[in-house]
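Heavy-atom basis, side chains included; hydrogens, waters and symmetry copies ignored.
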Amino acid sequence: MRVSNRIVTEDEADLRLDRWFRRHYPNLTQGALQKLCRTGQVRVDGGRVQTNSRLAPGQTVRIPPLPDISQPAPLPPPDPMLVREIEKMVIYQDDHLLVLDKPSGLATQGGPGITKHVDMMLDGLRKEDGDRPRLVHRIDRDTSGILLIARTPGVAAKLAAAFRGRDVGKTYWAIVVGRPAQASGIIDQPLAKIGAGGAALVVAASRGEEDAVSAKSEYETIDAAGKKFSWLALSPLTGRTHQLRVHCESLGTPIVGDPRYGGKAAHPEGFIDRLHLHARQLDIPHPAGGRLIVTAPLPPHMRETFRSLGFVPGDTPAPKRIKGNKGPAK
């Protein structure tokens, strides 16, 4: 291998040099990289650098001959069946990101007893010679709807920062048993996790209780079938595990078909026994500027329930890019 040069891309802005090498040469050890920097074999714009130096777009990184171990093994081709399956989930895509409509029952990531999940299918969405797409957030296995995927690590970092900074509007639709005492409001109910792993349970907790974390959700009753069932629009203002499911239970209106919360009341007769919680809409700052609003159609089991209860969801809007970046619509 001869000396080569690589240009730092916009997507790699402010990346540490060692992380940049880990991205492009994942089998090169930290110790080997430190030695290459110390001896001046790795340089940026002709100057000596340290492994923790930050990179800027347009800079040139000198790559000396590297050990054979620095070359990653070729990736096995993705399973064609999984490729077709995940391609059918795509409801929006561009050069920066993809939006999937995840079906209920498909896990976002792996875990005990999970043999198929979205993360293992992402190689099927990789562009030729491009980065492996990355999950930006997660939704529960039993929840259907919108899942955001970044095409590059830089885009993933920008979108993750938007989620942390609450510059993302998330709307869920749920069918619940009963009718909230107030038609709309904010559920300000701390939560605590009991247990670990797949068996962990989230419960309502008292303020100041050990392990309790703040959790807030906004809700609005869109329609109701008497006092027996309601259609709610839910917006999590914090991002806790199972937050919306436990908050609905704390209102006395558990989500229909919830396998973990709400007890017997969550499984009324005459309905498909599957969680009726759907990630309906996502409003995000687009990495290339402006905002993107994407809406996912109802899954089949919720469409059936809507029909039986006389609820009318209306048409599903097409994805929309808008100028400006004033924050998610309220």
**Message:** Taking the basic N atoms (NZ, or NE/NH1/NH2) and the acidic carboxylate oxygens, is any pair closer than 4.0 Å for Arg291 and Asp283?
**Reply:** yes
**Request:** Would you tell me whether His301 and Ser104 have side-chain atoms, one donor and one acceptor, within less than 3.5 Å of each other?
**Result:** no
**Asked** Hey, is the main chain of His96 close enough, under 3.5 Å, to the side chain of Asp94 for a donor-acceptor pair?
**Response** yes
**Request:** Check whether any side-chain heavy atom of Leu122 sits under 4.5 Å from a side-chain heavy atom of Arg132, and report yes or no.
**Result:** yes
**Prompt:** Looking only at atom types and distance, does a side-chain atom of Asp315 sit under 3.5 Å from a main-chain N or O of Pro317, one as donor and one as acceptor?
**Reply:** no
**Request:** Tell me whether Leu98 is reachable from Leu292 by hopping between hydrophobic residues (I, L, V, M, F, W, Y) whose side-chain heavy atoms are closer than 4.5 Å.
**Result:** no
**Asked** Between Leu201 and Tyr261, does a side chain to side chain contact (heavy atoms under 4.5 Å, CB included) hold up when you go through it step by step?
**Response** CA-CA 9 Å; Leu201 197 67; Tyr261 304 101; 3.6 Å; yes
**Asked** Does the side chain of Asp223 reach to within under 4.5 Å of the side chain of Ser230, using non-hydrogen atoms?
**Response** no
**Message:** I need the Leu66 CG to Leu36 CG distance, nearest 0.5 Å.
**Reply:** 6.5 Å
**Test item: Arg16 side-chain N/O and Ser53 main-chain N/O as donor-acceptor pair under 3.5 Å** = no
**Request:** Keeping the roles fixed (side chain from Arg179, backbone from Gly226), state whether a donor-acceptor pair exists under 3.5 Å.
**Result:** yes
**Item:** side-chain contact (heavy atoms from CB on, under 4.5 Å) partner of Met89, the single match among Leu147, Leu125, Leu106, Ile149
**Value:** Leu106
**Request:** Determine the minimum heavy-atom distance between Leu17 and Cys37, stating which atoms define it.
**Result:** CD2-SG, 3.8 Å
**Asked** Should Lys116 and Asp79 count as an ion pair when the cut-off is N to O under 4.0 Å?
**Response** no
**Request:** Kindly determine whether Arg303 and Arg307 satisfy side chain to side chain contact (heavy atoms under 4.5 Å, CB included), including the steps that lead there.
**Result:** CA-CA 6 Å; Arg303 287 202 303 269; Arg307 279 195 295 268; 4.2 Å; yes
**Message:** Set out, in order, the CA-CA distance, both residues' side-chain angles and the distance that settles side chain to side chain contact (heavy atoms under 4.5 Å, CB included) for Gln30 and Asp18, then state yes or no.
**Reply:** CA-CA 7 Å; Gln30 183 76 6; Asp18 52 0; 3.3 Å; yes
**Prompt:** Between Gln59 and Val44, is there a donor-acceptor pair closer than 3.5 Å when you use the side chain of the first and the backbone of the second?
**Reply:** no
**Asked** For Arg138, does the CZ atom sit with more than 12 other heavy atoms under 6.0 Å from it, leaving out its own atoms?
**Response** no
**Prompt:** Does a side-chain heavy-atom distance below 4.5 Å link Leu159 with Leu97?
**Reply:** yes
**Request:** Working to the nearest 0.5 Å, report the span between CG of Asp167 and NZ of Lys158.
**Result:** 13.5 Å
**Message:** Between Glu87 and Arg84, does any NZ, NE, NH1 or NH2 come within less than 4.0 Å of an OD or OE carboxylate oxygen?
**Reply:** no
**Prompt:** Quick check: does any side chain N or O of Thr152 sit under 3.5 Å from a backbone N or O of Val155, one acting as donor and the other as acceptor?
**Reply:** yes
**Message:** Run the side chain to side chain contact (heavy atoms under 4.5 Å, CB included) test on Gln243 and Thr238 for me, step by step, so that the C-alpha distance in whole Å, both residues' side-chain angles and the decisive distance to 0.1 Å come before the verdict.
**Reply:** CA-CA 8 Å; Gln243 175 177 314; Thr238 53; 2.7 Å; yes
**Complete:** dist Asp140:CG -> Leu275:CG (nearest 0.5 Å) comes out at 7.5 Å
**Message:** Distance check, rounded to the nearest 0.5 Å: Arg280 atom CZ versus Ile146 atom CD1?
**Reply:** 8.5 Å
**Prompt:** Quick check: are there more than 12 heavy atoms from other residues, nucleotides or ligands sitting under 6.0 Å from CD of Glu10?
**Reply:** no
**Item:** Cys248 backbone acceptor or donor facing Thr253 side chain under 3.5 Å
**Value:** yes
**Message:** Please determine whether a side-chain nitrogen of the Lys or Arg among Asp188 and Arg207 lies less than 4.0 Å from a carboxylate oxygen of the Asp or Glu.
**Reply:** yes
**Item:** Side-chain donor-acceptor contact under 3.5 Å, Ser250 with Gln189
**Value:** no
**Complete:** Asp131 and Arg151 have their tightest heavy-atom pair at CB-O, 3.5 Å
**Asked** Does a side-chain heavy-atom distance below 4.5 Å link Lys170 with Pro236?
**Response** yes
**Carboxylate-amine/guanidinium proximity below 4.0 Å for Asp101 and Lys88** = no
**Asked** Which heavy-atom pair separates Pro299 from His278 by the least distance, and what is that distance?
**Response** CD-ND1, 3.5 Å
**ILVMFWY cluster, Ile175 and Leu277 together (side-chain gap under 4.5 Å)** = no
**Prompt:** With side chains defined as the heavy atoms from C-beta onward, is the minimum distance between Asn5 and Ile63 less than 4.5 Å?
**Reply:** no
**Request:** Output yes when a side-chain donor or acceptor of Arg240 lies under 3.5 Å from a complementary backbone atom of Ser214, and no otherwise.
**Result:** yes
**Asked** Tell me, do Thr305 and Val256 make a side-chain contact under 4.5 Å, heavy atoms counted?
**Response** no
**Asked** Just by distance, with hydrogens left out, do Glu12 and His24 show a side-chain donor and acceptor under 3.5 Å apart?
**Response** yes
**Contact summary for Pro285 and Val168, nearest pair of heavy atoms** = CD-CG2, 4.3 Å
**Item:** Spacing of NZ belonging to Lys102 relative to CZ belonging to Arg141, to within rounding of 0.5 Å
**Value:** 9.0 Å
**Trp20 to Val8 - nearest heavy-atom pair and separation** = NE1-CG2, 4.3 Å
**Prompt:** Under 4.5 Å between side-chain heavy atoms, hopping through other hydrophobics if needed: is there a path connecting Val90 to Ile293?
**Reply:** no
**Prompt:** Are any non-hydrogen side-chain atoms of Tyr172 and Leu232 less than 4.5 angstrom apart?
**Reply:** no
**Asked** Does Lys127 reach the main-chain N or O of Pro133 with its side chain, forming a donor-acceptor pair under 3.5 Å?
**Response** no
**Request:** Please check if Val177 and Met302 belong to a single hydrophobic cluster, counting links between Ile, Leu, Val, Met, Phe, Trp and Tyr side chain heavy atoms closer than 4.5 Å.
**Result:** yes
**Prompt:** Should the ring pair Phe311 and Trp231 be called parallel, tilted or perpendicular, given that the plane angle runs from 0 to 90° and is split at 30 and 60?
**Reply:** tilted
**Item:** Polar side-chain atom of Glu209 near backbone of Ser206 as donor-acceptor pair, under 3.5 Å
**Value:** yes
**Prompt:** Does a side-chain heavy-atom distance below 4.5 Å link Phe21 with Val42?
**Reply:** yes
**Message:** Using 0.5 Å steps for rounding, measure from the CZ atom of Phe306 to the CH2 atom of Trp173.
**Reply:** 5.5 Å
**Request:** Might you point out which heavy atoms bring Leu244 and Ser217 nearest each other, and give the distance in Å?
**Result:** CD2-OG, 3.5 Å
**side chain to side chain donor-acceptor pair (under 3.5 Å) pairs, two or more places apart, involving residues 37-49** = Thr39-Gln41
**Message:** I'd like to know if Asp119 and Arg134 make a salt bridge, using a cut-off of under 4.0 Å between side-chain N and carboxylate O.
**Reply:** no
**Message:** Is there a path of hydrophobic side-chain contacts, each under 4.5 Å between heavy atoms of I/L/V/M/F/W/Y residues, joining Val176 to Phe271?
**Reply:** no
